[in-house]
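Have a look at the structure below, then the notes.
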2 protein chains.
Amino acid sequence: MFKSYTIKDIAKALGLSTSTVSRALNGSYEIGAETKKLVLEYAEKVNYRPNPIALSLKEQRSRSIGVVVCEVANNYFSQAINGIESIAYSSGYHVIITQTHESAAREAANVQHLLSRHVDGLLIALSAETTDTSEFKFLHSKGVPIVFFDRIAEGIDTHRITVNNFKAAFEATEQLIIAGFSKIANISSTPNLLNTRERFEGYRAALQKHGLTLLPEFVKYCYQGGMVVGEVEHALQELMSLPEKPDAIIATNDRITTTCLPILKKMGFSIPSDVALTGFTNSEVAESFAPPLTVVRQPAFMMGQLATETLIKAIESKHPLYESISQQFDTQLIIRDSSLKS
Amino acid sequence: MFKSYTIKDIAKALGLSTSTVSRALNGSYEIGAETKKLVLEYAEKVNYRPNPIALSLKEQRSRSIGVVVCEVANNYFSQAINGIESIAYSSGYHVIITQTHESAAREAANVQHLLSRHVDGLLIALSAETTDTSEFKFLHSKGVPIVFFDRIAEGIDTHRITVNNFKAAFEATEQLIIAGFSKIANISSTPNLLNTRERFEGYRAALQKHGLTLLPEFVKYCYQGGMVVGEVEHALQELMSLPEKPDAIIATNDRITTTCLPILKKMGFSIPSDVALTGFTNSEVAESFAPPLTVVRQPAFMMGQLATETLIKAIESKHPLYESISQQFDTQLIIRDSSLKS
DNA sequence: TTGAAAGCGCTAACAG
DNA sequence: CTGTTAGCGCTTTCAA
């Protein structure tokens with residue numbers, strides 16, 4: 001298919017050597033102005049594009065970055081990828097996206113795949129199933145540039161882009177309390193993930209500040225991060241068949257939040273009169289829900305951008321960046337009817 | 001960073017030539033069982049991975065496919081990408097995703113970028129702004145494998161994966177009519193896109209079948225595909241300030257549909273009593289809307305899968321596939337409150 | 001200022 | 001059965 005011009009073609013056409021053409025194209029100083037102009041004009045004419053594969057082989061870099069997320073079809077991640085793509089593109093990098101579907105095995109395979117593709121760096125949000133991060137530790141120690149975002153690998157001193165999860169959950173929980181709810185349940189992704197635990201701590205702290213006791217039966221985990229609807233359904237069933245039902249629920253991840261609402265309604269509860277609901281989600285349409293949903297929104301696009309900037313900086317610095325960059329964004333709590341006493 | 005083992009390393013370590021190692025690794029028949037075992041074991045031990053960049057250079061193919069869509073953060077496309085990724089991954093291809101943000105210039109740049117990256121084929125859903133498809137025609141004539149999905153380039157005999165847009169819009173419109181609405185407006189993406197026009201024709205045909213006249217002032221286009229909220233807002237404002245307002249609206253693309261609902265509510269209209277709403281969207285949460293939204297849903301995941309299978313088949317067939325494959329899926333009309341007389 | 005040659009990792013035609 | 005060699009496209013010493 002579609003053979004493009006090579007340096008050799010140009011050299012032949014112009015009766016020069018490939019090295020001369022190469023130098024002309026790269027604006028080397030050791031080149032005659034005459035020759036240079038000749039080459040550039042011809043290259044322009046035939047629409048010459050250097051072969052990035054050959055360049056990669058030569059330079060031992062691929063100008064591509066690998067992205068590992070659970071799913072693209074997720075409000076948070078699709079927005080983050082949008083940010084990643086915007087920066088990568090304008091910096092001349094390609095983005096190779098892989099999905100784990102929350103499987104640790106798939107994650108490991110993806111990382112291997114990307115590495116074997118010689119990506120120059122990795123942008124990772126851990127899968128829900130991941131507990132063993134030794135491979136990442138190993139790669140990091142070998143100097144592979146890695147930036148974690150949203151879902152961080154603990155115990156590794158890498159760059160990390162996150163939000164203030166504690167504060168986010170604290171504020172959301174406190175808002176429920178202030179609105180008059182006192183029996184607040186927490187439904188989360190797996191506690192494997194640091195962000196789940198941090199959000200849980202925020203929840204706990206808000207209860208404590210307001211003198212509410214944390215009931216263990218009010219804390220539910222979805223070990224597959226809400227990818228499987230049945231998991232969320234099960235958690236909600238348990239919660240809502242308690243002798244002492246919660247009067248409010250806080251859901252701490254995107255997928256879980258958007259599935260909680262229809263399930264609760266299907267179970268016959270009305271929101272917020274039977275049970276209030278607040279959730280972490282980047283859904284653009286939470287306002288259109290019945291009832292309009294109170295959400296914790298993360299600056300996904302900016303997080304994707306910053307993660308990528310950080311990664312590219314790490315890739316392009318000749319000397320590995322020994323100090324890791326950690327950047328924490330604030331979230332936005334958007335209060336709507338679902339978390340207000342009706 | 002992270003130097004991996006090469007064939008040369010293995011050859012040196014084992015005192016063989018690189019070609020012998022290569023043959024052993026590739027299971028060539030002309031190789032001693034002894035040597036082969038030796039090489040394979042050693043390769044296994046040091047976790048040898050062939051360098052795909054070198055392979056690409058050699059084979060003149062990159063084992064990657066380029067995807068061009070308007071935005072990842074779009075229900076339909078993120079689901080389609082999910083399907084694309086699933087097939088590509090299991091066939092050993094990488095997926096490089098680019099976004100046009102509905103700009104024709106950006107689209108052209110992306111295609112160039114992907115081509116210069118020597119992707120083996122292209123999966124494309126046109127941008128809303130695209131009118132000139134001569135570049136695609138050119139590429140196609142040069143034998144570049146291309147599959148269009150959802151948003152097709154007309155006048156090029158390429159593979160295309162679509163839905164039956166006419167039927168989808170016809171059914172959705174007819175449902176509104178049967179439900180008792182008679183002043184039905186149509187709000188679409190740009191008529192540049194074939195699918196917009198086909199959906200419009202379905203709308204028109206349904207009106208005609210039921211003896212309703214099509215009012216030109218009831219047909220609105222969003223030339224940026226609904227990416228800009230103001231555009232949708234403007235269309236709705238014009239529609240709803242007509243002396244004779246529509247009593248129902250059909251929105252024929254994902255982005256437009258999900259923005260119509262909050263805008264209409266903000267304008268003070270209640271749905272469906274003031275105006276009914278039906279829309280094309282793959283949103284997972286349309287059921288949770290207030291009111292639950294009637295939608296036309298496309299089999300996005302399957303479309304992504306089939307588009308990718310088709311593309312890979314085209315890439316891997318030695319002789320170009322002269323007959324183009326066109327596959328048309330049916331959509332699903334999910335009727336909810338938003339399109340029923342209250 | 002330009003050219004020849006080597007090398008990035010790999011495969012394959014050609015010898016032996 | 002195995003080794004030598006050339007070449008994919010490009011950059012970069014080293015010579016001239």
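Below, each value reflects all heavy atoms present in this structure, side chains not excepted, and no hydrogens, waters or symmetry copies. Note on naming: letters A, B, ... go to the chains in the order of the sequence lines (proteins, then strands), and numbering restarts at 1 for each one.
In this structure, the side chain of B:Gln79 does not engage the main chain of B:Ala300 through any donor-acceptor pair within 3.5 Å. Side chain of B:Asp150 to backbone of B:Ile161: no donor-acceptor contact under 3.5 angstrom is found. Distance alone, capped at 3.5 Å, is enough to place a donor-acceptor pair between the A:Thr190 side chain and the A:Asn192 backbone. Although no hydrogens or angles enter the test, the distance criterion places a donor-acceptor pair under 3.5 Å between the side chain of B:Ser324 and the main chain of B:Asp157.
Nearest-nucleotide mapping onto DNA chain C: of A:Lys36 and A:Thr18, the residue sitting toward the 5' end is A:Lys36. Both B:Val21 and B:Glu59 lie close to DNA chain D; mapped to their nearest nucleotides by heavy-atom distance, the more 5′-ward contact belongs to B:Val21. Comparing B:Gly15 and A:Ala54, the nucleotide of DNA chain D nearest to each residue sits closer to the 5' end for B:Gly15.
Nucleotide C:dG7 holds its P atom 18 Å from the CD1 atom of B:Ile7, rounded to whole Å. Between B:Arg23 atom CZ and D:dG3 atom P the separation is 8 Å, expressed in whole Å. In this structure, CD of A:Glu34 is placed 13 Å from C1' of C:dT1, rounded to the nearest angstrom. To the nearest angstrom, P of C:dT2 lies 8 Å from CG of A:Leu16. Rounding to whole angstrom units, CZ of residue A:Arg117 and P of C:dG9 are separated by 17 Å. Between B:Lys8 atom NZ and D:dT4 atom P the separation is 13 Å, expressed in whole Å. The OH atom of B:Tyr5 sits 18 Å away from the C1' atom of C:dC10 (whole-angstrom rounding). Atom-to-atom, CG of B:Leu38 to C1' of D:dT2 comes out at 14 Å; the value is rounded to the nearest Å.
No hydrogens or angles were tested; on distance alone, nothing pairs the side chain of B:Arg49 with the base of C:dG9 as donor and acceptor under 3.5 Å. Side-chain N/O atoms of B:Thr35 and base N/O atoms of D:dT2 include no donor-acceptor pair closer than 3.5 Å. At a cut-off of 3.5 angstrom, counting only N and O atoms as typed in the model, there is no donor on one side facing an acceptor on the other between the side-chain of B:Ser22 and the base of C:dA12.
Considering only side-chain N and O atoms, B:Ser17 lies under 4.0 angstrom from the phosphate OP1 or OP2 of D:dG3. For B:Ser19, no side-chain nitrogen or oxygen approaches OP1 or OP2 of C:dT11 to under 4.0 Å.
Residue B:Ser56 is classed as having no contact, given no heavy-atom separation below 4.0 Å to the nucleic acid. B:Leu55 comes within 4.0 angstrom of the backbone, heavy atoms only, and of no base.
With distances taken from any side-chain atom of B:Leu57 to the nucleotides D:dC8, C:dG3, D:dT11, the minimum falls on D:dC8. When distances are taken from the side chain of A:Thr6 to each of D:dC10, C:dG9, D:dT4, the shortest belongs to D:dC10. The side chain of A:Asn26 approaches D:dT11 more closely than any other nucleotide in the set D:dT11, C:dT11, C:dG3.
Atoms OG and CG, on A:Ser127 and A:Leu193 in that order, are 7.5 Å from each other to the nearest 0.5 Å.
The salt bridge (charged side-chain N to carboxylate O under 4.0 Å, His left out) test with A:Arg151 singles out one residue from A:Glu129, A:Glu102, A:Glu107, and that residue is A:Glu102.
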